[in-house]
Amino acid sequence: MSADERNVAKLARMAGQIADFFRAYPEAQAASSVAEHINKFWTPKMRAEVLAMPEPGDPLVAKARAFVRTGEK
Amino acid sequence: MRPTQAARLIKEVDFGTPIRANEDMVALTIDGVDVSVPKGTSVMAAAMTLGTKIPKLCATDSLEPFGSCRLCLVEIEGRKGAPASCTTPAEAGMVVRTQTDRLAKLRRGVMELYISDHPLDCLTCAANGDCELQDMAGAVGLRDVRYGYAGENHFGDAKDQSNPYFSYDPSKCIVCNRCVRACEETQGTFALTISGRGFDARVAAGPTDFLSSECVSCGACVQACPTATLTEKSVIAHGQPDHSVVTTCAYCGVGCSFKAEMQGDRVVRMVPYKDGAANEGHSCVKGRFAWGYATHKDRITKPMIRAKITDPWREVSWDEAIGHAASEFKRIQAKYGREAVGAITSSRCTNEEVFLVQKLVRAAFGNNNVDTCARVCHSPTGYGLSQTFGTSAGTQDFKSVEKSDVILVIGANPTDAHPVFASRLKKRLRAGAQLIVADPRRIDLVQSPHIRAAHHLQLQPGTNVALLASLANVIVTEGLVNEAYVRERCDLAAFEAWARFVAQEKNSPEAMEEHTGVPAADVRAAARLYATGGNGAIYYGLGVTEHSQGSTTVMAIANLAMATGNVGREGVGVNPLRGQNNVQGSCDMGSFPHEFSGYRHVSDDATRDMFESLWGVKLDREPGLRIPNMIDEAVDGAFRGLYVQGEDIAQSDPDTQHITSGLASMECVVVQDLFLNETAKYAHVFLPGASFLEKDGTFTNAERRINRVRQVMQPLGGKSEWQATCDLSAALGYPMAYTHPSEIMDEIARLTPGFRNVSYAKLDEMGSVQWPCNDSAPNGTPLMHIDRFVRGKGRFMLTEYVPTQERSGPLFPLLLTTGRILSQYNVGAQTRRTDNNAWHDEDVLEINPFDAENRGVRSGDLVALASRTGEISLRAEVTDRVQPGVVYTTFHHAVTGANVVTTDNSDWATNCPEYKVTAVQVRRTNQHSAWQEKNLEEDVSLRRIATPELVAAK
Ligand code: SF4
Ligand code: SF4
Ligand code: SF4
Ligand code: FES
C-alpha cells in the first residue's frame with residue numbers, strides 16, 4: 001500500500017467510525033449529521049479525498065457524501 | 001532610601017484551628033475586645049481574628065484541634081482552671097483573657113519541659129528563624145530551664161534521611177502530632193504513627209523508614225511540623241529563604257498555588273499556598289519537590305540549527321535560529337503550498353504562549369493547521385460536553401466535592417494523577433460519601449486506609465459505553481429518572497429518544513455483562529446508588545477519553561448526570577480531571593484547527609471578522625489539520641514543516657514509529673523546549689524554552705480556574721517562549737508587538753466573550769478567577785449551568801456501544817491499557833530529571849498471576865510486549881491489580897517506548913488516540929527490542945551537539 005492509499009483507507013475508516021455513532025439516529029438525520037461532522041472538523045483536502053473515494057463501504061457514509069462540502073478557498 | 005519593590009517572605013495567617021463555615025455567629029469578649037465568629041470556631045481562632053496570637057504548638061489551622069501541648073491555656077470567666085483555647089469553642093457571652101501572670105507562668109512551665117529535651121543548637125539549626133518552638137520560647141519569655149539539660153533526652157537519635165527531599169531528625173521532635181494528623185487529615189495517607197508512650201513516644205513512618213513506608217512524599221507533614229524535625233533538604237543545604245512569589249504548579253491539571261521561596265534568584269523551596277483556591281495549602285510530591293529539573297544540567301539554553309537530523313547541532317544566535325526557521329517555513333510554503341506547514345501548542349505552556357502560537361499559525365502561516373496536545377487527551381471532553389451541555393469544560397470547582405454524597409470515579413486514578421484533588425475526595429469519603437469506581441484496574445482508591453469503594457465495576461478495557469448504557473438502562477427502567485429536572489432543564493424530545501434507546505433490552509446490565517465483564521447485579525446496585533444516594537458527582541479522566549468511543553463516553557456520562565438531575569448545584573456535576581496543567585487553557589485559547597478562542601468555529605463569519613479586524617489580516621474559514629492528520633500527511637509528503645512548542649509527540653503520541661516516520665519526512669521541524677526531547681531528534685531548529693519559574697503568564701486548571709504564573713528568575717535561554725514566538729512571527733512577515741504577557745491576556749479578553757473581564761490586575765486582586773468571567777459574571781463562575789444549561793436545554797445524545805476495532809485474538813490475546821503514576825509526570829522529561837526516580841525509575845508491565853504463570857513470567861523478569869504496531873521489552877510485575885487478560889504500563893520513560901506498541905486507532909469524533917486499548921502478547925525475553933536498540937543508538941546519533949572548536953575548525 002502506498003502512503004497515499006494508506007491515508008485514504010484511514011480516512012474511510014474514520015468516516016465509518018463517525019457513521020457508527022450517528023447510525024443510532026433516524027437515517028436522514030444520521031446522514032446529514034455525519035456530513036456536518038466531517039464539514040466541521042476535516043480539512044478541504046480530506047473532504048475532497050472522501051468525495052473522491054470509489055463507493056465507500058459504509059452505506060451511511062455513502063449517503064452522507066451528498067452533504068459533504070468541498071472547500072471554498 | 002527605600003527599596004523599590006519590597007521583596008518579602010509571604011506568611012499566611014495561622015488561626016490555629018479551622019474557621020468553621022456557619023451562618024450562626026457568636027459574640028464574645030477577648031481581652032476586653034468584642035468579637036463575633038461563626039459558631040464552632042475555637043477561642044484560639046476567635047482571638048486570632050483580632051490579631052491576638054495565643055501561644056500554641058500542637059495547633060495549626062489546617063488541622064483539627066488536638067489539645068496536647070497545653071501552651072494555649074486561657075482564662076474564661078466563670079470557668080475553673082485554664083482551658084486550652086484550641087479545643088474550647090467560642091460561646092456567646094464568653095469573657096476570655098489570654099494574658100495574665102498566672103497564664104504566663106503556666107506557659108513558661110510547659111516550655112521548660114519541652115526545651116529540657118531539645119538540643120539548643122538554634123544558631124546552626126536549619127529551622128533557625130522558621131521554628132515555632134523558638135518563637136514560643138520567645139513569646140512566653142523563657143529565660144531558664146530549671147530541670148537543666150542533663151536529664152534523659154533524645155539528642156542522639158538517628159536521623160532518617162531516606163526521603164530524597166526531606167529529613168527527619170527525631171532529636172528535635174516535640175511529639176506534637178501535627179505531622180501524623182497532617183498525613184491523615186490533609187493528605188489521607190495514614191503513613192505516620194506515634195509509636196511508644198510517654199518519654200519513648202516517637203514519630204514513625206512504618207516499620208523501616210520514610211522512603212520504604214506508605215509515604216507519598218506530599219510534604220504535608222513537613223509543612224505542619226513546627227520544628228526542624230521534618231525539614232526540606234534544600235533548606236538544610238541553602239538556609240532560610242528571604243522572599244517569596246506566588247505562582248502555579250506546572251505539572252497536573254489541579255493547578256496548585258505555590259509560594260516559590262527564594263534567596264536571590266535561587267528557589268530554596270516550593271511551599272503550597274494556603275490562599276490558593278485549587279489546593280488550599282496542600283501539594284503533592286511533584287509540585288512540592290520535583291522542580292529541580294528547571295535548573296538541570298540537561299537544559300539547552302542556546303538556540304541551535306542543523307541542515308539534516310543526522311548532522312550535529314550547531315549553536316547559533318537567536319537571530320540566526322529564528323531567521324533560519326522563518327526562511328525554511330517560507331520556502332516550504334512557496335514550494336508545497338500554504339497548507340504544508342503548521343504548529344503544535346502545549347498544555348504545559350501558558351495561555352498567553354498558546355494564544356500566540358495559534359495567532360502565528362492563523363495570521364503568519366495563513367492557515368488553520370494548529371493543534372494542541374489536548375488532542376491526545378481531553379479533546380473528547382470538549383466535544384462531548386459541548387454537544388450535551390453547550391460548553392467544553394467541567395461543571396464544578398474542586399471544593400464542590402465536599403457536598404457530594406455519591407462519587408462515581410470512572411477512568412481516572414486521582415491518587416496518582418491528581419493527588420491534591422484526591423486528598424479532598426478522600427476526605428469527603430472518610431466523612432461518609434459513597435464511592436463507585438469504574439476501572440479495569442484496581443486503583444488505590446478502591447481500597448485504601450479508611451476508604452472502601454461501595455462498588456468497583458472492573459470492566460474490560462474499551463467497554464465504557466456499554467457500562468454507561470447499562471447504568472442508564474437501570475435508571476430508566478427502574479423509574480429512577482429525576483423527571484421534574486429533566487422536564488424543566490432538558491430537551492424533552494431528545495430525552496425521550498434517549499430513554500427509549502437505553503431502555504432496550506440490549507442495553508440492560510444482563511445483556512451488557514458479556515461485553516463489560518461486570519456482574520449485572522453490581523451494575524444495578526451502582527446505578528441505584530448513583531441515582532438515589534443524594535448529590536451524585538462524576539469524576540473522570542483519560543480512561544474515558546482515550547478510546548475509539550471517547551466522545552461517546554463523555555456524552556453518556558453527561559446523559560447520566562442530566563437524567564438524575566445531577567448538574568447545576570454544589571456537590572454534583574460532570575468533572576473531567578485534566579491531565580496537564582493547562583489542558584483546559586490550551587483548549588480555551590483557540591489552538592484547535594477548527595476553532596478560535598472561546599470555542600468558536602473558524603467558519604463563523606462574525607467571529608472571523610472580529611479577529612480579522614483586530615489582527616489586520618485575512619483568515620482561513622476552513623478547518624486545518626489535527627495532529628494525527630498532520631502526521632499522516634507528512635508521511636504522505638504533503639505536510640513538510642512543523643513548529644512544536646513544549647510538546648514531545650515522538651514520545652507521547654501513539655504508534656511511535658508512525659510519528660517518527662512523519663517527523664523524519666519533514667523538511668523543517670522547529671522544537672521549542674527545555675530539553676533535547678525525543679521530538680528534537682527529528683528537529684532542524686531548536687529554540688530554548690523557559691521553565692514556569694522563568695516567565696509570567698497564566699494556567700487554567702480543570703476547574704476553569706485561571707491562575708497566575710509569576711516569574712522568579714530570568715529565562716536561562718535569554719527569552720521566554722512568547723518572545724521567541726513574536727520574533728518568529730515578525731521574521732515570517734507578521735510582527736506582533738507585545739511588551740508583557742499581560743498585554744496578550746488583554747487581547748484574549750477583547751476577543752473572547754468568556755474572558756472579557758479577565759486581566760492581570762483582576763487576577764492579582766482576586767488571586768484567581770474561574771471563567772466565564774465577563775459582565776454577567778464579573779468575578780467568575782465557580783459552578784456552571786445553575787439555572788439553565790449554557791446551550792439552553794440540556795441535550796441527551798444517543799450513545800450506541802460500538803466495540804473498538806482493536807480486538808484481542810490468538811496472536812495478541814491480551815489487552816494493554818496505559819496510565820500514570822504519582823511520582824512521574826507524562827513523558828517524564830521533567831520528573832525524570834529529579835529525585836522522583838527514587839520511587840519509579842522504569843516503566844513496568846503489570847500482569848495478572850494467571851497470565852504470568854501461563855507464560856512462565858515472574859516479577860522482575862524482562863518481557864517482550866508486542867502488538868500489531870511494534871514491540872518493546874520491559875520488566876514485569878505480577879499483580880492482581882489487573883484482571884486476567886489485561887496488562888498495564890506507564891509511558892514515563894522514553895527508553896521503554898510504551899507508545900511503540902499503541903496503535904493509531906482513535907476517537908471517532910476528535911481523533912483522540914485509543915491509548916487505553918491495544919491487543920498485545922507478552923513473552924519472556926532477555927534483550928531489548930529492535931526498536932529500543934535503534935532508539936538507544938539514535939539517542940546518541942541524533943542528539944550530537946558540535947563543540948565550538950570543531951565548528952571553528954571546519
Ligand atoms: S510526606 Fe505526606 S504522605 Fe509522607 S508522611 Fe508526610 S504527610 Fe504523610
Ligand atoms: S515531627 Fe514535627 S510535627 Fe511531627 S510530632 Fe515531631 S515536632 Fe511534631
Ligand atoms: S496535584 Fe498537580 S498541580 Fe498540585 S502539586 Fe501535584 S502536580 Fe502540582
Ligand atoms: S495549641 Fe492548644 S493544646 Fe497545643
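Lettering of chains follows the sequences in order, A, B, ..., and the numbering in each one begins at 1. Just so you know, these numbers use all the heavy atoms, side chains as well, and skip hydrogens, waters and symmetry mates. As the structure is a computational prediction, the values presented were derived from the model and not from experiment.
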Check this for me, if you would: do A/R13 and B/D904 make a salt bridge, where the nitrogen-to-carboxylate-oxygen distance has to be below 4.0 angstrom?
yes
Interchain contact, B/A497 with chain A, by part (heavy-atom threshold 4.5 Å):
neither
Contact between B/N629 and A/M14 at the side-chain level, heavy atoms closer than 4.5 Å - yes or no?
yes
Counting only non-hydrogen atoms closer than 4.5 Å, does B/N368 touch chain A with its backbone (N, CA, C, O), its side chain (CB onward), both, or neither?
neither
For B/L625 and A/M46, the nearest pair of non-hydrogen atoms, with its separation, is CD2-SD, 4.2 Å
What pair of heavy atoms forms the shortest contact from B/P623 to A/P44, and how long is it?
O-CD, 3.8 Å
Atom pair CE/OH of B/M797 and A/Y25 - distance to nearest 0.5 Å:
3.5 Å
Partners passing salt bridge (charged side-chain N to carboxylate O under 4.0 Å, His left out) against A/R65 (at least two apart in sequence or in another chain):
A/E55
Within 6.0 angstrom of B/Q504 CD, more than 12 heavy atoms from elsewhere
yes
For B/Q549, is it the side chain, the backbone, both, or neither that has a heavy atom closer than 4.5 Å to a heavy atom of chain A?
neither
Pick from A/F22, A/W42, A/F41: which one has the most heavy-atom pairs with chain B under 4.5 Å?
A/F41
If you measure from OG1 on A/T43 to CD on B/E339, what distance do you get to the nearest 0.5 Å?
7.5 Å
Which side-chain N or O atoms in residues 33-40 of chain A pair as donor and acceptor under 3.5 Å with protein atoms at least two apart or in another chain?
unit_1, atom_1, unit_2, atom_2, d
A/S33, OG, A/Q29, O, 2.8
A/H37, ND1, B/Y383, OH, 3.4
A/H37, NE2, B/A909, O, 3.0
A/N39, OD1, A/R69, N, 2.8
A/N39, ND2, A/A35, O, 3.3
A/N39, ND2, A/F67, O, 3.1

Relative to chain A, which segment of B/S548 carries a heavy atom at a distance below 4.5 Å: side chain, backbone, both, or neither?
both
How long is the straight-line distance from OG1 of B/T552 back to CD of A/Q17, given to the nearest 0.5 Å?
9.5 Å
